[in-house]
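All of these numbers come straight from a predicted model, not from anything done at the bench. Note on naming: letters A, B, ... go to the chains in the order of the sequence lines (proteins, then strands), and numbering restarts at 1 for each one.
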Protein chains: 2
Amino acid sequence: MTKIQEVAAALGVSVATVSRAMSGKPGVSDAVRARVRLLADELNYLPSRSASALATGRTLTIGVVTPYIARWYFGHLISAIESSFTAAGYDLLLYNVSSENARSRFFQTLPVRKRVDALVVLLLPDDNEAAALRTLGIPVATVGSQQEGFISVGIDDVRTAEVAVQHLINLGHRRIAMIGEGFGVVPLQFVAPVDRQIGYYNALRAADIDVNPELEQNGEFTMQGGEEAMNRLLAARERPTAVFAQSDEMAIGALRSIRRHGLSVPGDISIIGIDDHEMSGMVGLTTMAQSLPAMGSSLAQAILEHLENPAAEVSPHTELPTRLVVRETTGSVRTFATGSLQEDS
Amino acid sequence: MTKIQEVAAALGVSVATVSRAMSGKPGVSDAVRARVRLLADELNYLPSRSASALATGRTLTIGVVTPYIARWYFGHLISAIESSFTAAGYDLLLYNVSSENARSRFFQTLPVRKRVDALVVLLLPDDNEAAALRTLGIPVATVGSQQEGFISVGIDDVRTAEVAVQHLINLGHRRIAMIGEGFGVVPLQFVAPVDRQIGYYNALRAADIDVNPELEQNGEFTMQGGEEAMNRLLAARERPTAVFAQSDEMAIGALRSIRRHGLSVPGDISIIGIDDHEMSGMVGLTTMAQSLPAMGSSLAQAILEHLENPAAEVSPHTELPTRLVVRETTGSVRTFATGSLQEDS
DNA sequence: TTCATTTACGCAAACGCTTACGTTGCAGAT
DNA sequence: ATCTGCAACGTAAGCGTTTGCGTAAATGAA
């Protein structure tokens, strides 16, 4: 491993000059800089990250804390974040805190201290965890939730859900189920389910439709969960004519349940999701599309700006658009539908 | 950020003692060690990774180079690798080289130099890339391919494919299609497709079935690709009675194609995949299960052993088992099948 | 008791960079 | 001709650890 001294010696200049030449700092003539750079990769010299981190205090590394890697949403998000940061010369340190155990250990020991220049948090920190993060003294960014002192990006979950449900209402549906997560039972892990639930209520209220708790089922944000949730909905006394699923994966699971029951989509039941999962195009799922690449790069940009200019106040929250993608799983409510529907319309 | 000096001063001992006490090295009495440790997390002192990396030359970091993060196989693998390494006190540095551009840049500059203690490579390096990796002077591990000088783990792709195809043959099928990738067209990215193809040929040959190039379709290892591949197979003059898909995702895509054509599974066509994807349970796909968690932890163990004891010769390759999981997508060939089949049987 | 050995600890030199400050040389102003 | 200013470069002091070596005290053997 060649070090800075060797390239300096080989060129008859000081190590300071080499350092300046490599890092693009002023104080070196163009001629010398060129010769240094040339010789550097001839000797394949690369400054030691540890040494320069020690000298400067900057690690050129970004930490990412995530509850999942293998799930669609997180995988795509991490992927997008990674590409933005590597493009800017930063490396990505990945912390997967899947278990409750790993999570509490992470926040207690905070292994990212002195290791990263900024931290991206893909889970929803509670108050204690947020406080711990603030002690880091580095920019912290969250996705999908806004917290005092943190950079954040996300979509407008309330509005997105409203538009989705409104789309169903526009098609004449009034008996609209929701497949989501939590519903007051599970300890709050993400805000999205709550906000999307609110959006669902908003849309119903605006159309003078009564909320019916029977129509809200927990799909655990997985295909499997979505299928089971739909099974429960279909087993109920009065079936919905439309379903708003808080994620495409749950929607696809629901789709499967519906077809297994011998019902047709959208003939018997309409269904809409959120995400625009790759699979959604395949199965023709109507959905509210969000762009994870955009979210990742926007997050990275905000952090990078903050790192370049810590003084400047960056806008703390960026909201990304979602858009309705109408495919084949939503259609007008049947006019010859069941009794309860005819009463409504 | 408190440093080692401060805790040393606060305790009236030397920094050397604190260092030894923290790292568990001998030369410190138990009493002092305990007091140091106590005070350390009272002042929440954490040794600077940069500084200790500079001093020791070890970074306590593992690099992972992957072509994808968001895909099922890679996501699960990375997840497993991460958990094994964090358990051992190592951090994970993630390099996503999705584009050809990023890939060549990665191997030219080798940004992992002096940054990681070992490297996990999830893509198949060509000879030049392998040579570059060898210059790193650190343990390098690959998944799914064996190369001179690298640690590796993987399944027996040939055998796995053989068992899968044999399963179809045992059910009486003789017109067996394969959905895979490459087939000599695409530049070789992974060895799995090639080995699985060989296994497919082996099984056919053992049963005296002629190979028919028309029955080999490229599914690009995606659901979408699998669906399109199946579409092509169904458009052919003579349809297969069974399909061996080299991955579950392609199998599920194929399943979708078959059903869209109004055919039944396994009534008209049987289908088997490889992976045991979560979705496979849902859709009842027969498959060859492999365990990515096992693969990840086995890989991590091999690397960790090598790091602890660089002299000792670790077994370079670990092969993990796969097993046939019979579900509902494979069944006996119809006796009242098409002409060509009756000739065969 | 004396000497040899071990144990517990401190000193200080690395580790490979960055950067404040000092020095030199040269162009331009006077 | 002298002076000022600036660009280009060198010197050396850190950055926060680890660890070889030295030393003092404690232990054991004789």
Compare all side-chain heavy atoms of B:P193 with those of B:F221 and state whether any distance is below 4.5 angstrom. yes
Side-chain donor-acceptor pair under 3.5 Å between A:D117 and A:T61, yes or no? no
Within a strict 4.5 Å, meaning less than it, do heavy atoms of the B:L110 and B:L136 side chains meet? yes
Nt span of DNA chain C in reach of chain A heavy atoms at under 4.0 Å, 5' end first, is C:dG16 to C:dA20
With a 4.0 angstrom cut-off to heavy atoms of chain A, pull out the first and last contacting nucleotide of DNA chain D, in 5'-to-3' order. D:dA8 to D:dT17
Numerically ordered, the residues 19-38 of chain A set in heavy-atom contact under 4.0 Å with DNA chain C is A:S19, A:R20, A:K25
Just report the end-to-end axis angle for the helix from C:dT1-D:dA30 to C:dT30-D:dA1, five pairs per end, to 10 degrees. 40°
Taking side-chain contact (heavy atoms from CB on, under 4.5 Å) as the criterion, tell me which of B:I303, B:L299, B:V64, B:D91 meets it with B:F85. B:I303
Does any non-hydrogen side-chain atom of B:L123 lie less than 4.5 Å from one of B:V97? yes
For B:R103 and B:E129, what are the C-alpha separation, side-chain angles and deciding distance, and is it a salt bridge (charged side-chain N to carboxylate O under 4.0 Å, His left out)? CA-CA 10 Å; B:R103 180 166 178 159; B:E129 292 169 341; 2.9 Å; yes
With side chains defined as the heavy atoms from C-beta onward, is the minimum distance between B:V116 and B:I62 less than 4.5 Å? no
Not counting sequence neighbours, which residues clear salt bridge (charged side-chain N to carboxylate O under 4.0 Å, His left out) with A:D157? List them please. A:R196
To the nearest 0.5 Å, tell me how far B:I78 CD1 sits from A:N96 CG. 10.5 Å
Does the side chain of B:N128 come within less than 4.5 Å of B:F107's, by heavy atoms? no
Salt bridge (charged side-chain N to carboxylate O under 4.0 Å, His left out) involving B:R113 - partner list, sequence neighbours excluded: none
A:L124/A:V191 under side chain to side chain contact (heavy atoms under 4.5 Å, CB included): CA gap, chis, key distance, verdict: CA-CA 7 Å; A:L124 177 66; A:V191 293; 3.6 Å; yes
